[in-house]
Amino acid sequence: MDRSSELTAVRRHRVGVERREGLAASPQPEREALAQESLVDAAGGPRTRKNSPGGSGGASRGAGTGLSEARAAVAIALYLLALRALVQVSLQQLVLRGTSGHPGEFDARQARDYLEHITSIGPRTTGSPENEILTVHYLLEQIKLIEVQSNRLHKISVDVQRPTGSFSIDFLGGFTSYYDNITNVVVKLEPKDGAQHAVLANCHFDSVANSPGASDDAVSCSVMLEVLRVLSASSESLQHAVVFLFNGAEENVLQASHGFITQHPWASLIRAFINLEAAGVGGKELVFQTGPENPWLVQAYVTAAKHPFASVVGQEVFQSGIIPSDTDFRIFRDFGNIPGIDLAFIENGYIYHTKYDTADRILTDSIQRAGDNILAVLKYLATSDMLAAASEYQHGNMVFFDVLGLFVIAYPSRVGSIINYMVVMAVVFYLGKKLWQPKHKTVNYTKDFLCGLGITLISWFTSLITVLIIAVFISLIGQSLSWYNHFYVSVCLYGTAAVAKIIFIHTLAKRFYYVNANDQYLGEVFFDISLFVHCGFLITLTYQGLCSAFISAVWVAFPLLTKLCLQKDFKQHGAQGKFIALYLLGMFIPYLYALYLIWAVFEMFTPILGRSGSEIPPDIVLASILAGCTMILSSYFINFIYLARSTKKTMLTLTLVCIVTFLLVCSGTFFPYSSNPANPKPKRVFLQHMTRTFHDLEGNIVKRDSGIWINGFDYTGMSHITPHVPEINDTIRAHCEENAPLCGFPWYLPVHFLIRKNWYLPAPEVSPRNPAYFRLISKEQTPWDSIKLTFEATGPSHMSFYVRTLKGSKLLQWSLGNGTPVTSKGGDYFVFYSHGLQASAWQFWIEVQVLEEQPEGMVTVALAAHYLSGEDKRSPQLDTLKEKFPDWTFPSAWVCTYSLFVF
């Protein structure tokens with residue numbers, strides 16, 4: 001050891017002895033001076049550690065020098081609650097002014113009248129008279145009235161399209177769709193002399209079975225009717241045409257939009273589109289995806305929308321496939337090569353696609369804000385020079401996000417990358433200044449920084465493991481979704497556990513590792529660690545080309561500025577009340593926006609977890625999301641653990657809340673579902689009364705049975721139903737028919753991989769008035785030694801066709817989609833078929849290559865017929881069973897038949 005090192009060590013030893021023996025008795029100015037000297041020492045020279053048996057603050061911490069635990073905990077809690085309240089206020093502020101109804105402006109009262117008329121028709125499944133006749137007649141009637149009242153500057157053309165077509169899609173693991181004679185009502189509003197270019201507005205008036213479909217998507221069609229009325233009556237001329245597509249088969253997995261964009265003569269005019277959708281009921285409509293590329297469209301929304309609500313984060317999450325849903329946006333983008341804007345209502349997804357999706361649940365202000373926005377954006381696009389030359393502005397992506405719904409910030413992604421790397425360079429300079437000093441001055445900081453980084457990562461990892469252990473246990477004892485009707489339960493159970501574990505790990509490090517370190521020094525080190533971690537995320541996201549990297553930039557730039565502004569005061573006065581107030585103020589923007597996004601995440605994902613199938617444990621998913629949110633929100637508060645004198649009371653309180661909530665959940669106190677008329681949260685159950693017939697290679701019937709096939713759409717299965725309907729129990733669990741495609745059951749969509757727990761309650765056979773027929777028309781050998789099988793099928797408006805090739809055979813091609821067969825998950829082939837009124841028999845062929853002949857045949861096919869409307873939809877047994885279900889369920893029921901053949 002050289003002379004300077006010896007002197008430093010002696011001086012540090014002397015300071016440590018003096019502090020241990022006399023700090024408590026020394027006058028206040030002297031104690032502050034010693035604390036400041038220790039901080040300078042800690043940052044500039046070697047530091048010894050000693051395992052002291054003292055309190056969690058270590059021997060070097062005097063009783064009066066640390067941050068008050070109660071003050072810090074209360075300040076952080078109140079701060080987060082205040083920010084959450086501010087977010088809630090912004091979300092409830094749907095419009096910035098009242099409904100006007102003035103000429104030339106959108107009138108929500110008129111749109112509501114349209115909405116109530118459409119929903120009064122009832123459920124509107126494709127192929128039903130309600131959808132194909134009554135709704136279409138009402139739309140045409142209203143469009144005619146609008147045309148009569150229109151200004152002579154404009155010309156209105158109306159066309160009822162009945163397309164037939166087929167396509168394949170990789171949604172839900174992949175399947176092929178075929179449609180015949182479905183309905184589109186198309187209206188073109190254009191200048192009197194015509195137009196060469198057009199912008200498209202799209203909604204769908206059909207609904208899922210057994211739902212009035214107010215939010216999905218009758219309200220959007222009502223908004224479009226009112227927008228059409230306002231634009232057509234306007235004395236302002238349009239430069240381009242506006243095409244309004246009221247499509248009648250979106251719930252059939254996007255069929256009608258495909259029929260329009262690939263077959264309608266007006267499709268060639270379309271240069272951009274706005275798609276109106278719903279994943280919830282009411283609230284604000286979110287712009288959740290745009291493009292592809294074409295940043296000018298985002299700029300159009302930013303410029304024109306009166307009540308903006310948009311986020312590129314939603315776009316990247318939705319397009320990642322995490323959310324099991326899709327919209328007509330995909331069809332226009334993939335089959336029409338047209339850029340667009342996708343909007344959807346996202347609030348209250350608990351009643352989406354249920355009987356509760358009624359017009360009275362949609363606030364008039366929600367309709368007003370949607371109408372104001374759509375009208376303004378359509379008018380902007382229809383008068384924009386960019387629409388005609390859209391191809392010239394198609395390159396590049398945009399970073400865009402709204403600020404509490406007040407305005408939208410948008411800039412090109414390449415500018416975002418520059419900003420992000422500038423922020424990274426600022427962090428490199430800030431941390432480099434500390435790390436690149438002479439070695440004898442930085443050895444402790446570098447070591448403490450790296451150790452602190454490891455401790456932080458360990459705290460986050462153990463926090464995640466802790467909540468996952470709790471979630472797995474809750475799932476195993478059958479108490480999943482206890483938070484579905486009481487979201488605060490998830491926060492009290494998983495959120496408190498995550499926070500407590502993080503505090504516990506850091507408290508251990510503070511007590512047993514950083515024994516003699518100064519509080520202020522440690523606070524600075526752990527702030528720098530959090531800054532470093534967020535900077536790492538910023539670099540990663542920017543490198544991946546994700547526009548969402550702006551969030552990390554916000555979480556780096558503002559904390560860094562706060563640190564630099566408070567550094568001098570912090571060194572002089574420590575963590576006093578003024579420091580806490582200014583520190584929280586500096587974190588206002590990142591924490592406010594984080595809570596804004598976190599609200600959106602839980603608003604979207606919590607209802608989805610109630611319909612995500614029997615194979616995904618929802619508690620594990622939600623616990624993981626909550627743990628991630630906890631890590632983010634706690635990152636810049638970790639330094640408070642080291643600044644505080646103690647954390648015992650905080651840990652005790654959090655642990656107590658977690659334990660009490662855990663015991664209440666285990667006892668079944670929190671029931672997942674609700675039938676509260678004001679805020680229902682039903683359990684979804686599908687009931688299909690079916691008759692199955694299995695044929696062998698010779699065409700003989702080898703098996704025939706009938707029953708009610710029951711599927712629960714969440715992880716709890718029938719555990720909550722059995723006490724109310726005792727006949728539905730584990731003794732009637734459905735068994736997979738191993739030799740049949742998709743286990744021999746009449747799946748409406750290929751979601752078999754999401755729902756593996758089914759029940760099959762024996763019941764009498766069904767006898768629909770319009771039975772399905774399936775027959776082989778021809779079997780011929782091709783010149784290339786494959787077998788071509790041609791089939792014909794007739795039946796109700798919705799049918800599913802399944803194919804499984806047997807050993808030694810391969811499906812080469814078919815007359816569906818683009819000719820190339822697309823497999824679903826599991827290797828079978830799934831075809832979704834629907835038709836409108838007066839459809840002809842469905843004829844198609846498949847071509848099978850037989851590599852090795854087998855006695856059991858070459859291919860197994862099956863046809864399921866779904867009766868979703870009319871008298872054939874019901875059966876006495878189905879009605880009786882439905883009546884037994886408790887009022888907190890939504891049993892969606894219909895009749896179906898299933899026939900299997902071997903060739």
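Everything numeric here is computed off the predicted structure, so don't read it as measured data. For reference, positions follow the sequence shown, starting with 1. When reading the values below, keep in mind they use all heavy atoms of this one structure, side chains included, and skip hydrogens, waters and symmetry mates.
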* Parallel, tilted or perpendicular: which describes the rings of H486 and Y488, with under 30° parallel and over 60° perpendicular? -> perpendicular

* Should the ring pair Y636 and F527 be called parallel, tilted or perpendicular, given that the plane angle runs from 0 to 90° and is split at 30 and 60? -> tilted

* Using the ring-ring contact (aromatic ring centres under 6.0 Å, His included) rule, take F671 and W888 through it: C-alpha gap first, then chi angles, then the decisive distance, then the call. => CA-CA 10 Å; F671 190 68; W888 41 262; 4.8 Å; yes

Is the backbone of [Y] close enough, under 3.5 Å, to the side chain of [X] for a donor and an acceptor to pair up by distance?
{"X": "N676", "Y": "A678", "answer": "yes"}
{"X": "S635", "Y": "I632", "answer": "yes"}
{"X": "S211", "Y": "V208", "answer": "no"}
{"X": "D619", "Y": "P617", "answer": "no"}
{"X": "T606", "Y": "E603", "answer": "no"}
{"X": "T303", "Y": "Q299", "answer": "yes"}
{"X": "D357", "Y": "H353", "answer": "no"}
{"X": "S892", "Y": "F686", "answer": "no"}
{"X": "H534", "Y": "P559", "answer": "no"}
{"X": "N373", "Y": "K306", "answer": "yes"}

For the student: nearest non-hydrogen atoms of [X] and [Y], plus distance:
{"X": "V467", "Y": "L464", "answer": "CG2-O, 3.1 Å"}
{"X": "A549", "Y": "N420", "answer": "CB-ND2, 3.6 Å"}
{"X": "V423", "Y": "A557", "answer": "CG1-N, 4.1 Å"}

* Quick one: which residue pairs count as a salt bridge (Lys or Arg N to Asp or Glu O under 4.0 Å) with a foot in residues 274-303, not counting sequence neighbours? => E285-R369

* Under the salt bridge (Lys or Arg N to Asp or Glu O under 4.0 Å) rule, what pairs show up with a residue in residues 309-326, not counting sequence neighbours? -> D326-R330

Apply side-chain hydrogen bond (donor to acceptor under 3.5 Å, both in side chains) to [X] and list each qualifying residue two or more places apart in sequence or on a separate chain.
{"X": "S614", "value": "none"}
{"X": "S634", "value": "none"}
{"X": "S459", "value": "H506"}
{"X": "E250", "value": "H204"}

* Asked: T327 and D342: side chain to side chain donor-acceptor pair (under 3.5 Å), yes or no, with the steps?
  -> CA-CA 8 Å; T327 73; D342 213 358; 2.6 Å; yes

Which residues pass the side-chain contact (heavy atoms from CB on, under 4.5 Å) test with [X], not counting sequence neighbours?
{"X": "V87", "value": "R84, L91, L592, L595, Y596, W599"}
{"X": "T716", "value": "S480, L481, Y673, K683, D714, S719, H720"}
{"X": "I659", "value": "T655, L663"}

Flag side-chain contact, heavy atom, 4.5 Å: [X] against [Y]:
{"X": "L453", "Y": "F532", "result": "yes"}
{"X": "L654", "Y": "C658", "result": "no"}
{"X": "I625", "Y": "F602", "result": "yes"}
{"X": "D402", "Y": "F407", "result": "no"}
{"X": "N202", "Y": "F273", "result": "no"}
{"X": "F670", "Y": "V665", "result": "yes"}
{"X": "V491", "Y": "T496", "result": "no"}
{"X": "F345", "Y": "V219", "result": "yes"}

* Apply side chain to side chain donor-acceptor pair (under 3.5 Å) to the pair E251 and S207, showing each step before the final yes or no. => CA-CA 6 Å; E251 297 296 355; S207 72; over 6 Å; no

* To do: Take M604 and I608, measure what side chain to side chain contact (heavy atoms under 4.5 Å, CB included) needs, and give me the verdict at the end.
  => CA-CA 7 Å; M604 177 69 75; I608 287 176; 4.0 Å; yes

Taking the six-membered ring for Trp, is the centroid-to-centroid distance between [X] and [Y] below 6.0 Å?
{"X": "F588", "Y": "Y79", "value": "no"}
{"X": "Y593", "Y": "F401", "value": "yes"}
{"X": "Y591", "Y": "F637", "value": "yes"}

* Could you tell me whether F537 atom CZ has more than 12 heavy atoms of other residues or ligands within 6.0 Å of it? => no

* To do: Inspect the surroundings of CZ in F461 and state if more than 12 heavy atoms from other residues, nucleotides or ligands are less than 6.0 Å away.
  => no

* NZ or CZ of K681 within 45° of Y356 ring axis and under 6.0 Å -> no

* Take L468 and S624 through the side chain to side chain contact (heavy atoms under 4.5 Å, CB included) test and state the conclusion after the steps. => CA-CA 7 Å; L468 288 180; S624 301; 3.3 Å; yes

* To do: List the steps and the verdict of side chain to side chain donor-acceptor pair (under 3.5 Å) for D217 and S220.
  => CA-CA 5 Å; D217 192 33; S220 297; 2.5 Å; yes

* **Sequence neighbours excluded - side chain to side chain donor-acceptor pair (under 3.5 Å) pairs with any residue from residues 460-473** => T466-K501

* **V424 vs V556, side chain to side chain contact (heavy atoms under 4.5 Å, CB included): CA-CA, chis, key distance, verdict** => CA-CA 8 Å; V424 170; V556 172; over 6 Å; no

* Contacts of C203 that satisfy disulfide (SG to SG under 2.5 Å) - sequence neighbours left out -> C221

* To do: Give the intermediate values and the outcome of side chain to side chain donor-acceptor pair (under 3.5 Å) for residues D328 and S257.
  => CA-CA 6 Å; D328 288 321; S257 57; 2.6 Å; yes

* Which residue pairs satisfy the ring pair (Phe, Tyr, Trp, His ring centres under 6.0 Å) criterion with at least one member in residues 463-484, sequence neighbours excluded? -> Y350-Y484, F473-F662

* I would like to know whether Y411 and F550 meet ring-ring contact (aromatic ring centres under 6.0 Å, His included); could you show each step before the answer? => CA-CA 11 Å; Y411 48 87; F550 80 91; 7.6 Å; no

* Residue pair Y301, V287: steps toward the side chain to side chain contact (heavy atoms under 4.5 Å, CB included) verdict -> CA-CA 9 Å; Y301 178 85; V287 173; 3.4 Å; yes

